[in-house]
There are 2 protein chains.
Amino acid sequence: MTTDKIDQPFNREIQYAAKRRAVIRSAAGAFRRRGYHNTSMVLIAKSLGLSKAALYYYVKSKEEILYECHIIMYDAMDGAVHSVRGKGDNGLEKLKLLYGSFAKLMTRDGLALLADVDSLKGEYQTTVLARRGKIERAVNRIVEHGMKDGSIKKADPRITVFFFMGALNWLNVWYEPGGRISGEKITQAFVEQMSTGISS
Amino acid sequence: MTTDKIDQPFNREIQYAAKRRAVIRSAAGAFRRRGYHNTSMVLIAKSLGLSKAALYYYVKSKEEILYECHIIMYDAMDGAVHSVRGKGDNGLEKLKLLYGSFAKLMTRDGLALLADVDSLKGEYQTTVLARRGKIERAVNRIVEHGMKDGSIKKADPRITVFFFMGALNWLNVWYEPGGRISGEKITQAFVEQMSTGISS
DNA sequence: GTATAATTTGACTTTATGGTCGAATAAATT
DNA sequence: AATTTATTCGACCATAAAGTCAAATTATAC
């Protein structure tokens, strides 16, 4: 059928993209659990039932995988920032929404990974640091806004933000998806503890 | 003089120990800044004006250095736990004292390093995880105590602790000794934010 | 069923770096 | 000054893991 002729090359791309995503997702999980440097390409390959060489059909290098992990995460975080636009009656309420989204991202499947930036070089690192800065500034802005509207206690916004963003990032180290503590409980508790820690 | 005969061999040991400490301190700083795997032994050696081989006169392996970094830190933290015994009118007050000590440890010179546990193997990792567990339990106990005496809001103590301990551990990633924000300011702000986040 | 393009592989090269060793140097001891 | 002991080094080895490539396999198209 003619649809095949049109669909088939399209499917190819889709399947390639899907497999590529699978590679990165699988690697991301391994990186989170064992750390970037303790995860070899052979291991990533094997856990997908592939040979190492096949991996390089989908990615340029190990570094690229790490880079994409970060980008995926920052894309998701940017999305969270965007979806919070116009919501929340004041700075604190907006921040609670955003922080909750962040926590959900970090706990939903093993996607989360914001570590090992030092292992990225050149352009890769520059881009990732830029993305990180962008998120940081967005959060800072909300916090500063909250300090002005009186919903957040006045303090050095940088330290304030580092505190609860640090708690979030550290999740990667100890949180086990599907472990004893559910992602929802963590999200709820973190939002609660964060907000009471800074509300005025 | 006779004192020399007695002092000299003693000095030797002291100097050896001092140099060994210098090696570990220097390495710890590099590890914290660039990450364990991005710091080569040659680099550590060069930054001390030594050759790589000379390093191995003081340490058994790179892994041993990382191990000692952790132990030094946990010794200091144990000390902090110990020095808080009997102090503080209630759980929250005691926790504030302890948390402040921890924050001081993390910000005072580049000593802090509690990451890369995955790069330790066998006995090394077992011991470090045991030490970490010990600290965690001590903190948990204080928090639970505070929840009972009414000074700390009732919640899942594990998550409560992970939150503010995570914030602390993440310091390593972004804090620059001698940078724009002083250790004292951070310590003060962290204790404040931690305690208001959990006080009832 | 043959040709073409997409995947996958085994076997290889390369590289970074941890670690070793015997010899050289410096310091203390007699 | 000679001897022993502590310290340091240059040059080397070992190895793990990243990355490459020509060839084989599998899927798709005609």
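Throughout, protein chains are lettered first and strands after them, A, B, ... in sequence-line order, and every chain is numbered starting at 1. Side chains included, hydrogens not; waters and symmetry mates left out as well; all remaining heavy atoms used.
Taking atom CG of B:Leu55 as the reference point, atom C1' of C:dT20 lies 14 Å away to the nearest angstrom. When rounded to the nearest whole Å, the span between CD of A:Glu64 and P of D:dG19 equals 10 Å. Residue B:Lys62 contributes atom NZ, which lies 18 Å from atom P of D:dT15 at whole-angstrom precision. The nearest whole Å value for the distance from the CD1 atom in A:Ile44 to the P atom in D:dA17 is 12 Å. For A:Tyr56 and D:dA23, the OH to C1' distance is 20 Å, given to the nearest whole Å. Here the C1' atom of nucleotide C:dT17 and the CD atom of B:Glu63 are 15 Å apart, to the nearest Å. Put simply, CD1 on A:Ile65 is 12 Å from C1' on D:dG19, counting in whole angstrom units. Atom NZ in A:Lys121 sits about 11 Å away from atom C1' in C:dA16, given to the nearest Å.
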Using the salt bridge (charged side-chain N to carboxylate O under 4.0 Å, His left out) rule, take A:Asp75 and A:Arg131 through it: C-alpha gap first, then chi angles, then the decisive distance, then the call.
CA-CA 9 Å; A:Asp75 283 348; A:Arg131 295 294 298 268; 2.7 Å; yes
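Ring geometry for B:Trp174 versus B:Phe190: interplanar angle of 30 to 60°, hence tilted.
No side-chain donor-acceptor contact under 3.5 Å links B:Ser26 to the backbone of B:Val23. Under the 3.5 Å distance criterion, the side-chain polar atoms of B:Tyr99 are matched with a main-chain donor or acceptor of B:Phe164.
Between A:Phe102 and the choices A:Val81, A:Leu97, A:Val191, A:Thr187, the side-chain contact (heavy atoms from CB on, under 4.5 Å) rule is met once, by A:Val81.
Minimum interatomic distance between B:Asp116 and B:Leu66 (heavy atoms only, all atoms of both residues): O-CD2, 3.6 Å. Considering every non-hydrogen atom in both B:Asn172 and B:Leu114, the closest pair reads ND2-N, 3.8 Å.
Applying the salt bridge (charged side-chain N to carboxylate O under 4.0 Å, His left out) test to residues at least two apart or on different chains, the pairs with a partner in residues 167-193 of chain B are A:Lys153-B:Glu192. A side-chain hydrogen bond (donor to acceptor under 3.5 Å, both in side chains) check over residues 52-72 of chain B, counting only residues at least two apart or in different chains, returns the pairs B:Arg20-B:Glu68.
For the contact set between residues 34-42 of chain A and DNA chain D, defined by any heavy atom under 4.0 Å, the members are A:Thr39, A:Ser40, A:Met41.
Counting only N and O atoms by type, the side chains of A:His37 and B:Ser119 include no donor and acceptor under 3.5 Å apart.
Each end of the helix from C:dG1-D:dC30 to C:dT30-D:dA1 gets its own axis, taken as the rotation carrying the C1' atoms of four end pairs onto the next four within a five-pair window, and the two axes meet at 10° to the nearest 10 degrees.
Residues that satisfy the salt bridge (charged side-chain N to carboxylate O under 4.0 Å, His left out) test with B:Lys148, not counting sequence neighbours, are absent from this structure.
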One character per nucleotide, please: for nucleotides 5-12 of chain D, 5' to 3', B when the base has a protein heavy atom closer than 4.0 Å, S when only the sugar-phosphate does, - otherwise.
-SBBBB--
